[in-house]
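Only heavy atoms go into these numbers, but all of them, side chains included; no hydrogens, no water, no symmetry mates. Every chain is numbered from 1 and lettered A, B, ... according to where its sequence line falls, protein lines coming before strand lines.
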Amino acid sequence: MIETDKELIKNIVMKGKRLDKRAFDEYRKIAIESGVISSAEGSARVRIGDTEVVAGVKMDIGEPYPDSKDAGVLTVNAEFLPLASEEFESGPPREDSIELARVVDRAIRESKCIDFKKLCIEEGKKVWMVFVDISVIDHDGNLIDAAGLASVQALASARMPKLIKNKDSYEVDYENRSKEKLPMSGIPVSTTFVKIGGQIMADPLLSEELAMDARLTVGTFDSNGKIRFCSMQKGGNGGFTEDEIAAILDMAEEKGEELRKLIKKG
Amino acid sequence: MIETDKELIKNIVMKGKRLDKRAFDEYRKIAIESGVISSAEGSARVRIGDTEVVAGVKMDIGEPYPDSKDAGVLTVNAEFLPLASEEFESGPPREDSIELARVVDRAIRESKCIDFKKLCIEEGKKVWMVFVDISVIDHDGNLIDAAGLASVQALASARMPKLIKNKDSYEVDYENRSKEKLPMSGIPVSTTFVKIGGQIMADPLLSEELAMDARLTVGTFDSNGKIRFCSMQKGGNGGFTEDEIAAILDMAEEKGEELRKLIKKG
Amino acid sequence: MIETDKELIKNIVMKGKRLDKRAFDEYRKIAIESGVISSAEGSARVRIGDTEVVAGVKMDIGEPYPDSKDAGVLTVNAEFLPLASEEFESGPPREDSIELARVVDRAIRESKCIDFKKLCIEEGKKVWMVFVDISVIDHDGNLIDAAGLASVQALASARMPKLIKNKDSYEVDYENRSKEKLPMSGIPVSTTFVKIGGQIMADPLLSEELAMDARLTVGTFDSNGKIRFCSMQKGGNGGFTEDEIAAILDMAEEKGEELRKLIKKG
Amino acid sequence: MRIDGRKKDELRPIEAKVGVLKNANGSAMFRMGNTIAVAGVFGPREVHPKHKEEAERAILRTEYRMSAFSTTSRSRPGPSRRSKEISMVIREALVPVLFLEEFPKTAIDVHIEVLQADASTRCAALNAAALALADAGVQMRDLVASCSAGKTNGEIVLDIAGKEDTDGELDLPVAYYPHKKMITLLQMDGIATKEEMKKIIALAKKGCEEIYEIQKKVLKEKYKEGDKDEQ
Amino acid sequence: MRIDGRKKDELRPIEAKVGVLKNANGSAMFRMGNTIAVAGVFGPREVHPKHKEEAERAILRTEYRMSAFSTTSRSRPGPSRRSKEISMVIREALVPVLFLEEFPKTAIDVHIEVLQADASTRCAALNAAALALADAGVQMRDLVASCSAGKTNGEIVLDIAGKEDTDGELDLPVAYYPHKKMITLLQMDGIATKEEMKKIIALAKKGCEEIYEIQKKVLKEKYKEGDKDEQ
Amino acid sequence: MRIDGRKKDELRPIEAKVGVLKNANGSAMFRMGNTIAVAGVFGPREVHPKHKEEAERAILRTEYRMSAFSTTSRSRPGPSRRSKEISMVIREALVPVLFLEEFPKTAIDVHIEVLQADASTRCAALNAAALALADAGVQMRDLVASCSAGKTNGEIVLDIAGKEDTDGELDLPVAYYPHKKMITLLQMDGIATKEEMKKIIALAKKGCEEIYEIQKKVLKEKYKEGDKDEQ
């Protein structure tokens, strides 16, 4: 992206507008489909405008961490597929794909929306491992929110595989998934805002991300009808004042509620 | 290799000849020695013309795969030693060395020449791991056939190490190899043909491989006196017609028998 | 370092002097502090002139090697921190950092100063793993001797973490370190000498290392009041005559005693 | 009759679509039963790193990947020996239909993701790749169509899937360059007589021909739409 | 009163020092309680590999590492996903105060080693990094100061450490660019209401302001010494 | 008398051969008892990557590898910390005899494979490497010969092997540059007094001198053959 494009974006914003004519607090059209991957225990495809992400949940038996022997294990991984952007190359994960996975992971983990104690099979020995894998398929900005929605929808729609207990070992029967859902309560979502020329706006386009001063992602979830915050991540080579952050928290609360309504439970 | 060399090779072929004056269906001189590596359970050096390959078989105790709990495990690996060609560099395996190992692996595995069930020590817990390691020492074309012969000869001449059973574990005694052979029946061999200027020829030189349109490797083995096909792999940036493939299958049958006679059992 | 600098160093040496005016057999000022890292079981910071190294000892439970089932395991690792020199980059370990770790490792291991049999918890199953990690913080030459001193001081000052035996497993309680020391006798130290323009000198500066013809590191330790040799490593693109080596052995004996006196036991 | 009710020479239901991605220069999705592949093409474009550039032709780079959730047991992300081999045979199957000599010093990158895997993933990958190349407007001599045939319960059948694959006796994937009647990918696992081999190859080729028609239809429809769009 | 006897809005004892390394162009040590970080700065210098160079500005490269012995359970040497993320947010927190546009085609490298880790390692790392940049004579708009606040036992407290961290409910690290009153690093783990969030951010900012004074003092002392040295 | 019947100062049976590879510019096989090494030399040739090139001299690159089947327990393919250290000390042992300054901006690559390992693999590797360099026609000041001596059952012996190695008390490999009487590789593992050290070094040097004669003989024979071939 050349400097003049950044200037163009800024100029549009100065006039109180956005490149695609949205309001500053308006998300693009969001489409969520679940159950798109039959090989996964749960899955979802999310489109936010031209951004497209698929998330799949796989489960397996594994060993607990030594410091939480009675809890299942969550692993979130993101792959920025090389077909999603000419900027993405094959090779080791980019730092932004690591960040994305870790921000999505924290929103899920910190909200305590999954009761990992219920995913313990035998204390200290065997627990369920829950893998959330995110494939970024087309990139037009705001990957974190898309990945967050896809992950939560994949988890919400997942069905546990059957557990077979042998004499002294366990096995997973993937052919016959049970009807049992993951022990889940509350829906954590990430909402992302960028600042361009002093103006805060939601759901940035890729071109807006390239022109932004800074980015703030805020994770919220619903807990018995109340909204709680569970994660934050500032991005980009700039910063925010306390007042700007307060304004973003307000928007995050509102937009989080909107996004949560798009998730179909079970 | 420069374009004119390729043209030279094609011109020779057009005249019904080969660079080293062989007939189109003729292999170079093949020399097979077994037992060349005293540290290996089985080993062989194969020379086809100026191509030289050493294969060694090592065995160890390991765990079976979850989907075949009562079977030993085969691992085939190939190293294109940097001293074998100025094209081979140190570093991660080249795609052609991966292909070579996988093609040799498939011929052994698919022919079912080794009875892996007999390599189970304790079902679901301990089995024999059979490692076939191939070191390419000098490269003048047709590495797959050389590697295939070396691997099969190494397996055929291998002697199992002694298994020591302790109270609740097993150990391998490599100092005292038993006289026991691997449970092996049938000899799978790979035979490779290339097409240059419409002409099919066996056992390509390196210069012929560089000038070829396409390559076809066909694996055959003997099953109670009958010849069966067990693997195929097309290589190179071209293709074959159905008729050409049929002709190659005929040649593979005949050449496979020739190569099989060179393998010394036990 | 440009050629003229090397010439400068050589010229100074020819005049019987060193850049920092030390005698040829004289070490720079050495400062050793132990217990500098509270998270480690044992630790030490060593400064030799402007060279600075920190070593930390961590212990954990692990499995013994199959060929010494009743012995603890020693692992020595060195990191040349990128902040220590503009030559050090992030990325895979440099060959000189591997060499340093292995030379330090050999001096400790070969001197048998640690009784690894006493670090066996349950034969064939569980033993103590002793990790010595060396962080090179500032590089002005003679890293091996600095790292050797730091490692030995860290080991000598280490306190074992508490071992908790559960029904069928063990755990380490790092919060409550015991007063128990590592089973250690004798202090192995490395002493390093370089040859520049035919002259042998101890404890090289970085600029001397860059100008040197060759380097020889000699490990010695004290065994019931007697001095024994336990390791040697020649470095650099040159060599030594037998007489030069004999002279270095004499110096190593003397300098080793000096360095050993700086180590505080326990 | 087969486990899933198909006839011996019947393909699984096929779904194909081009232009499925916004950023890629060309793209396609190809589904054969429960196997789904998406391909995205970039180029011809500059080569990085520079020293891989070829003076006389474009280099074709293909990458076959599987999403971690595409298989029954999770696949670890990142390239494996298997995926590297498949990337290579896919490249070698596509080269014959491309005019690489027309774009010297450039790279054409074909990235393929298998989102869901139920046998014949390399075939679906190739079918998607050929469509994506056409969608990118890369000049081609022809498409490449790919399909496998094999043996299960002693029967020779087309496009093995599901239990037929895991319990099957032989699998033989083929890629076909129709204008030249040339087979540009050919691999085989399993045991067969020479006569069986010939039958299986012929059957796989027939499958490729059917797929070729589907590929052409999909491109034609896209092309028509394109025409309409321009009016 | 907190476990370690501090008041709710009290920082742990801080020790800071600049010029601690000989080879680095600038360096600093920053200790907050039992967390110790050392930073070394090289540059502006030539960029290797060349293709990472930018025509219009210096590139800032930051690397956060932890020594293997810095944690209770030994940390495996080498970069982890965690350390890569932290290296990135540290870089993004520092960029605003640097005049990168003044040194086109160069790199400024900031290497940070955490020698001992007891919570807030990224804050200590940033505080050391800002001092090391100043010590290196890299022209800066301001320093950056970093500190975290959080919630433990339902109480909002500054600079969580020890058991407060392992058992705590929320951790929120902040980096602050005082002249512009701008928060340049902001992360959060844990659960809070909006009102709590605002209080925690305000408290962390207050902590940053205290640290900023310490940073300035340390630099001033060094500067004075420098003056004396030159006499 | 030793386990394998040798005298204390007796080398194992040695077999050496040059020109064993067709593609390498120079090559050699060196066998000491059950230890077998093959070396291949390429160069002086262009340096890739370019930035490793040196303006004033050739760079020497050495790589010591072990075949997976060369050891009793299979060795995992690929470089290890051990093989990297050995590659380095081999390089440093060879540099003194080469005229690197004669071939600026080039690389000389020495690749060594240990096919069978029974102690002293670095010595066999070095002996093969020196012969391969000579075979490649690389101008040399002298050969380098390598051999180890050590202590087993309290006895000082030459060229430790087999059980002597696994149960031995000390191993000391040496490389020797005969014209200059210079030891260019020297490592030691084990415990000894100063007097023992000197005896062991002297014995190893004596072994090197014997090996040097064998190396020269092998090259002379090759040279004679070469003469005949040319007639």
Hey, can you dump all donor-acceptor pairs under 3.5 Å between chain A and chain D, distances included?
{"unit_1": "A:S38", "atom_1": "N", "unit_2": "D:Q116", "atom_2": "OE1", "d": "2.8"}
{"unit_1": "A:S38", "atom_1": "OG", "unit_2": "D:Q116", "atom_2": "NE2", "d": "2.9"}
{"unit_1": "A:S39", "atom_1": "OG", "unit_2": "D:F69", "atom_2": "O", "d": "2.8"}
{"unit_1": "A:S39", "atom_1": "OG", "unit_2": "D:S70", "atom_2": "O", "d": "3.0"}
{"unit_1": "A:K58", "atom_1": "NZ", "unit_2": "D:T71", "atom_2": "O", "d": "3.4"}
{"unit_1": "A:K58", "atom_1": "NZ", "unit_2": "D:T72", "atom_2": "O", "d": "2.4"}
{"unit_1": "A:E79", "atom_1": "OE1", "unit_2": "D:R65", "atom_2": "NH2", "d": "2.9"}
{"unit_1": "A:A84", "atom_1": "O", "unit_2": "D:N23", "atom_2": "ND2", "d": "2.8"}
{"unit_1": "A:S90", "atom_1": "OG", "unit_2": "D:E63", "atom_2": "OE1", "d": "2.9"}
{"unit_1": "A:S90", "atom_1": "OG", "unit_2": "D:E63", "atom_2": "OE2", "d": "3.0"}
{"unit_1": "A:D133", "atom_1": "OD1", "unit_2": "D:R74", "atom_2": "NH2", "d": "2.9"}
{"unit_1": "A:D133", "atom_1": "OD2", "unit_2": "D:R74", "atom_2": "NE", "d": "2.6"}
{"unit_1": "A:D133", "atom_1": "OD2", "unit_2": "D:R74", "atom_2": "NH2", "d": "3.3"}
{"unit_1": "A:S135", "atom_1": "OG", "unit_2": "D:S67", "atom_2": "OG", "d": "3.0"}
{"unit_1": "A:D138", "atom_1": "OD1", "unit_2": "D:N23", "atom_2": "N", "d": "3.2"}
{"unit_1": "A:D138", "atom_1": "OD1", "unit_2": "D:N23", "atom_2": "ND2", "d": "3.2"}
{"unit_1": "A:D138", "atom_1": "OD2", "unit_2": "D:K22", "atom_2": "N", "d": "2.4"}
{"unit_1": "A:H139", "atom_1": "O", "unit_2": "D:N23", "atom_2": "ND2", "d": "2.7"}

Heavy-atom cut-off 4.5 Å, strictly under: side chain, backbone, both or neither for D:A39 against chain A? backbone
Which residues pass the side-chain hydrogen bond (donor to acceptor under 3.5 Å, both in side chains) test with A:S111, not counting sequence neighbours? none
Atom CD1 in A:I37, atom CG in D:L115: separation rounded to 0.5 Å? 5.0 Å
Proximal component of A:A55, with respect to chain D [non-hydrogen, under 4.5 Å]: backbone
Set of salt bridge (Lys or Arg N to Asp or Glu O under 4.0 Å) partners for A:K17, sequence neighbours left out: none
If you count heavy-atom pairs under 4.5 Å with chain D, which of A:A154, A:P92, A:P93, A:G56 comes out on top? A:G56
Only counting residues at least two apart or in another chain, list the ones meeting salt bridge (Lys or Arg N to Asp or Glu O under 4.0 Å) with A:K165. none
Contacting region of A:V132 [heavy-atom separation from chain D under 4.5 Å]: neither
